[in-house]
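Notes for the one structure printed next.
Lettering of chains follows the sequences in order, A, B, ..., and the numbering in each one begins at 1.
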2 protein chains.
Amino acid sequence: MASYHHGNLSEALLDAAEVQIEAVGLEALSIRACAKAIGVTHSAAFRHYKNKRHLLTALATRSAHRMADAIQLSAEKTAQNKGFLETGLSYIDFAIQNPQQFRSVFREELIDADDGSYRLATARLAAQLGDGREQRSQPEPISEAALLAWSTVHGLACLSIDGSLESDISKADRMQFFRKTLQRLGPVLER
Amino acid sequence: MASYHHGNLSEALLDAAEVQIEAVGLEALSIRACAKAIGVTHSAAFRHYKNKRHLLTALATRSAHRMADAIQLSAEKTAQNKGFLETGLSYIDFAIQNPQQFRSVFREELIDADDGSYRLATARLAAQLGDGREQRSQPEPISEAALLAWSTVHGLACLSIDGSLESDISKADRMQFFRKTLQRLGPVLER
DNA sequence: GTAAAAAGTTTCCACCGGAAACATTGGGGC
DNA sequence: GCCCCAATGTTTCCGGTGGAAACTTTTTAC
């Protein structure tokens with residue numbers, strides 16, 4: 001106990017960062033505060049992440065997988081053909097439940113977008129939106145229908161957590177309204 | 001010349017901020033750098049904006065109006081009934097041409113979202129998307145169709161400037177692809 | 001058992017946003 | 001025409017931040 005070496009500081013830093021961003025916002029994340037929460041000097045963090053951007057990239061990667069997991073889970077509970085609607089709604093739901101984590105995934109100016117595992121995680125996420133069956137191999141470009149679905153869902157998520165809809169739709173019936181909105185998309189999502 | 005009093009420092013600060021964010025990114029904006037670019041002490045800025053958040057709010061407000069102007073201009077050049085397509089495309093185009101300005105408009109964690117003139121500016125923007133004819137009076141909630149249109153366009157803009165589409169669509173034929181994508185929406189945008 | 005590498009700490013630096021106290025200026029009332 | 005005051009800048013200070021460098025402690029490999 002209370003050993004000099006923490007044991008799993010890199011993971012602990014991510015945990016602390018996750019807590020901190022949901023508390024104070026993604027932009028206000030501070031390495032020093034994360035380190036202090038763990039009981040370690042801020043310099044220790046730089047042994048595991050060469051700079052703040054690398055920490056945020058790791059956080060974004062983990063968040064992307066969390067999100068993909070949540071979506072996958074909801075997809076498995078749903079009939080194959082009604083997949084898109086539930087997938088889209090759980091995409092939005094994750095964003096609303098974990099706004100800062102969601103932001104961390106797409107805030108490329110804060111992260112190293114070329115990072116391999118980050119790209120992998122976001123590719124997985126994107127593939128989930130491109131309707132259930134479409135298992136894209138790498139070089140094949142996204143289809144029109146998939147882009148339409150993804151951008152609509154992504155737009156709803158962004159507008160929701162950015163507060164731009166607050167004067168229009170109350171939080172209570174937001175998801176219901178979103179469901180109806182997404183249902184409209186159905187007819188034009190044919191391949 | 002070279003007078004002690006600048007004359008129009010608040011505007012000059014916004015101009016400097018606009019230049020700086022497109023150069024170094026919205027999150028990296030520094031009041032000190034803006035002030036230095038103008039040739040003024042950083043403290044002078046606080047005479048005009050009580051803190052950084054207020055500066056960013058003013059910047060967001062101005063950017064929102066710039067964007068609304070650009071959209072309005074393109075709408076006026078277009079046939080009345082084909083309005084949505086061109087409106088949406090110019091929304092996206094503004095975002096791609098001025099990514100940091102676009103971000104500043106919607107980055108509510110950085111600005112004072114309750115500010116009156118900011119709300120006015122974003123309301124104007126939102127109204128433009130809700131198809132040409134629909135002149136929303138304040139308390140009337142957004143329609144399903146309008147939300148669908150707005151969120152799709154907004155999603156495309158966000159995904160574009162965040163680089164999430166880079167591996168899928170080259171920049172060159174991006175707008176063309178977006179046009180085709182948005183055209184699909186037409187049939188389901190009936191009121 | 002010891003040498004090297006891994007993982008912490010301490011100390012330093014430049015920069016940042018912001019507060020406070022002071023200096024300069026220009027405009028309005030007399 | 002003068003003077004006072006409010007507006008606008010400046011200087012100086014503070015605590016917090018990311019990051020580099022040098023040092024210490026621990027773990028691991030041989």
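Across the protein-nucleic acid pair, A:Asn8 atom CG and C:dA6 atom C1' stand 14 Å apart, rounded to whole Å. Here D:dT27 presents its C1' atom at 16 Å from CG of A:Leu9, a figure rounded to the nearest Å. Note: CG (A:Leu55) to C1' (D:dG19) measures 13 Å, nearest angstrom. Rounded to whole angstrom, the span from the NE2 atom of A:His54 across to the P atom of D:dG18 amounts to 16 Å. As a whole-Å value, the separation of B:Phe46 CZ from C:dA20 P is 13 Å. When rounded to the nearest whole Å, the span between NZ of A:Lys52 and P of D:dG16 equals 16 Å. If you take CZ of B:Arg53 and P of C:dG17, they are 14 Å apart, rounded to a whole angstrom. A:Leu56 has its CG atom 12 Å from the C1' atom of D:dG18, to the nearest Å.
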Going by atom type alone, with no hydrogens or angles, which donor-acceptor pairs under 3.5 Å involve a side-chain atom of residues 27-45 of chain A and a protein atom two or more places apart or on another chain?
from    : atom 1 : to      : atom 2 : distance (Å)
A:Ser30 : OG     : A:Arg32 : N      : 3.3
A:Ser30 : OG     : A:Ala33 : N      : 2.9

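Comparing C:dT10, D:dG18, C:dG18 by their nearest atom to the side chain of A:Ser43 picks out C:dT10.
Checked against the 6.0 Å centroid threshold, B:His65 and B:Tyr118 do not count as a close aromatic pair.
In terms of polar N and O atoms assigned as donor or acceptor, the side chain of B:Thr41 never comes within less than 3.5 Å of the base of D:dT11 in a complementary pairing.
By the 4.0 Å N-to-carboxylate-O rule, A:Asp115 lies too far from A:Arg53 to be salt-bridged with it. For the pair A:Arg62 and A:Glu18, the salt-bridge criterion is met [side-chain N within less than 4.0 Å of a carboxylate O].
At a threshold of 4.0 angstrom between heavy atoms, the contacts of B:His42 include nucleobase atoms, whether or not backbone atoms are also involved.
Side chain to side chain, A:Glu86 and A:Thr78 fail the donor-acceptor criterion of an N or O pair below 3.5 Å.
B:Asp162 pairs by the side chain to side chain donor-acceptor pair (under 3.5 Å) definition with B:Arg103, not counting sequence neighbours.
DNA chain C lies under 4.0 Å from at least one heavy atom of each of the following residues of residues 27-39 of chain B: B:Leu29, B:Ser30, B:Ile31, B:Arg32.
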